[in-house]
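A short write-up of the structure that comes next.
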Amino acid sequence: MRTSWADSVANSASETAVSDNNSLRRPTRATYVPPHLRNRPASDTPNISGLASESERTNFNGTAGGSQWSRSSMGGGGGRTNPEMGRQSQVYGYAGAGRGVGRWNNRIGGWDRRETEVNPFGGSDEADVTDQTFSEQENSGINFDAYEDIPVETSGENAPPPVNTFSEIDLGELLNQNIRRCKYVKPTPIQRHAIPIVLGGRDLMACAQTGSGKTAAFCFPIISGIMSEQYVQRPHAARTAYPLALILSPTRELSCQIHDEAKKFSYQTGVKVVVAYGGAPINRQLRELERGVDILVATPGRLVDLLERARVSLQMIKYLALDEADRMLDMGFEPQIRKIVEQMGMPDRGMRRTMLFSATFPREIQRLASDFLSNYIFLAVGRVGSSTDLIVQRVEFVQESDKRSNLMDLLHAQRENGVHGKQTLTLVFVETKKGADSLEHWLCLNGFPATTIHGDRTQQERELALRSFKSGKTPILVATDVAARGLDIPHVAHVVNFDLPNDIDDYVHRIGRTGRAGKTGLATAFFNEGNLSLAKPLAELMQEASQEVPAWLARYASRTLYGGSKNRRYGGGRFGGRDFRREGSYGRNLDHYGLVGGNSGSAYGVPGNYGGGYAPGVASAWD
DNA sequence: AAAAAAC
């Protein structure tokens, strides 16, 4: 039987007192103090247990808490009494704590770091939270009824059902407050499905379009889970940090961005988020870690460093999330990730919750990834106007030697058509770091303020470049693939693939830097004989996104002999991936992703505009 | 073949 929340508070407080007297039986272990109870003077103890009585909790579980949230955030529609709420509250043991903490925090001043916590919602910061700001998207004319038609595939045993509103999920009042502060009115499709799956204790491999709210989808269950697990004990070694959750991403800037988001979601919850990445002074990161960490956001290299110095231990990890998971498991990263997950003391799969997220998930990477997962749910979710619908894609045939003058033409046209007062940002992708520097130099010489971001620049230069671009000071950013994934840069109107990538997945991620937050975007690609291997997948992708495929590109595509193993899912499919575990019965010739939808399994939601495959030779689950 | 990721 569970002890009550009030008991646990009293227990932790008294055990802390014992520990202070040096008479604890296990001197290397201190009782875990829940994040929201830390740094609390002992003299306040009597007040605590009195606050969250059993009756208050019952009251909260029944109607008060739920309807309060529903009323303020959902209008009248979300206020129905949900018979499941009581049960969920029992399961997660959180509802009562949420209310108790809220009142408690009002009474007690100066005991918690929350008093000095910088308000991440202050000032202009608030305007930055637009990616999932549905009120804004509604204003921009998106038809939200179309969400009903979003193709969703879930596979795996007994997937917890999706929810339609945040109020159906018992995330806790403090987190709910932050969700409101972020102006998230309604969960995005990936959030509707992913959050119940993880809160239900299941592992997850999730495939969802760029800009569809993945960060919140893995942060919410982590934060909620950490707040509701009151009885966890963490060892304390003087200089070793024991995070409960680890979020890994492939670039430093993306880790920073996730950290910033996670700070918003955990504001005033007492859940501590720390970021660690290379290229920045390690001492500041070490100090932050020493002050305590619940959620560690990191890039792999720096994390390995910290683990080898024994400044971080993964022994207490309860949640592991890999963002851009397919990149994290590709050839360059996989050994490092395997080391972190399998050889550095992290609890085995099954003893932790593991979440893998990306917009793309090649089959061979899925196979690798399944090593890290336990009886997982595979989830593929498209979204309204999947980013490729919001993005107009153009391909021009441009010889290598003509690329610069062609870019110049684009930029001049843009400058002439530009609306004054409205910042137009252009992101130019090139293949190499040297190429980035040289193109930036040339652009500046020719009167176009540009900057560049790539792995040969110092971290300071990289961050300065990103800031300068975001602010519009240098409205052109020349980038390598370091900027291809995950970065949420508002107001990018135009992505130019000056050099096309060799992998269609990289193309998908690159163009996903525009067309965000319900805005439309333009993506222009320069194609020549050097990109022949991309002809077929690119033509298929464009066809699938209802883009105009130039006749010359279609010819290249049909001539391509490559087909085979590099064959992709875009021909005839919609966005999304397919669970590689389900491919046995289809025959091995199916493209390496498979397709969302089809007539099998639990897939549902058929978009009305499906127009058939581009290339007749490509297998489709619809055929 | 290139890019990213530690000092």
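Numbered from 1 within each chain, the chains take letters A, B, ... in sequence-line order.
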Do A:F448 and A:H412 make the cut of ring centroids closer than 6.0 angstrom? yes
Check whether any side-chain nitrogen or oxygen of A:T480 sits under 4.0 Å from OP1 or OP2 of B:dA2, and answer yes or no. no
Nucleotide nearest A:Q336 when distance is taken to its side chain, options B:dA6, B:dA5, B:dA1: B:dA5
Atom pair distance, as rounded to whole Å: CD1 in A:I340 and P in B:dA6: 9 Å
Grab the CE-P distance between A:M331 and B:dA4 for me, whole Å please. 16 Å
Just compare B:dA6, B:dA2, B:dA4 and give me whichever is closest to any side-chain atom of A:R252. B:dA6
Round to the nearest Å and state the distance from A:R284 atom CZ to B:dA6 atom P. 16 Å
List for me each residue that meets side chain to side chain donor-acceptor pair (under 3.5 Å) alongside A:H509, sequence neighbours excluded, and say none if there are none. A:T360, A:R485
Output yes when at least one side-chain N/O atom of A:R327 is less than 4.0 Å from OP1 or OP2 of B:dA4, else no. no
Exercise: do A:S313 and A:T240 side chains pair donor with acceptor under 3.5 Å: no
As an exercise, state the distance from CZ of A:F397 to CG of A:N406, rounded to the nearest 0.5 Å. 11.5 Å
Which is true for A:R462 with a 4.0 Å heavy-atom rule: it touches a base, it touches only sugar-phosphate, or it touches nothing? sugar-phosphate
Between B:dA1, B:dA6, B:dA5, which nucleotide gets closest to the side-chain atoms of A:Y277? B:dA6
For A:D330 and B:dA4, what is the distance between atoms CG and C1' respectively, to the nearest whole Å? 9 Å
Donor-acceptor side-chain pairing of A:R404 and A:S438 below 3.5 angstrom: yes
Side chains of A:Q257 and A:E261: is there a donor and an acceptor less than 3.5 Å apart? no
Which residues in residues 432-443 of chain A have a heavy atom closer than 4.0 Å to any atom of DNA chain B? A:T432, A:K433
Any side-chain N or O of A:T299 under 4.0 Å from OP1/OP2 of B:dA6? yes
Does B:dA4 have its OP1 or OP2 closer than 4.0 Å to a side-chain nitrogen or oxygen of A:R457? no
Sorted by chain and number, sequence neighbours left out, salt bridge (Lys or Arg N to Asp or Glu O under 4.0 Å) with A:R338 holds for A:E334, A:E342, A:D371
By the 4.0 Å heavy-atom rule, please label A:V482 as base, sugar-phosphate, or nothing. sugar-phosphate
Value in whole Å for how far the P atom of B:dA5 lies from CZ of A:R485: 13 Å
Can you measure A:M344 atom CE to B:dA6 atom P for me and round it to whole angstrom units? 14 Å
Going by distance alone, is a donor N or O of one side chain under 3.5 Å from an acceptor N or O of the other, for A:Q414 and A:T426? yes
What is the distance, rounded to the nearest whole Å, between atom NE2 of A:H509 and atom P of B:dA3? 19 Å
Can you check the A:K339 NZ to B:dA6 P distance for me, whole Å? 13 Å
Classify the nucleic acid contact of A:G332 as base, sugar-phosphate or nothing, counting any heavy atom under 4.0 Å across all strands shown. base
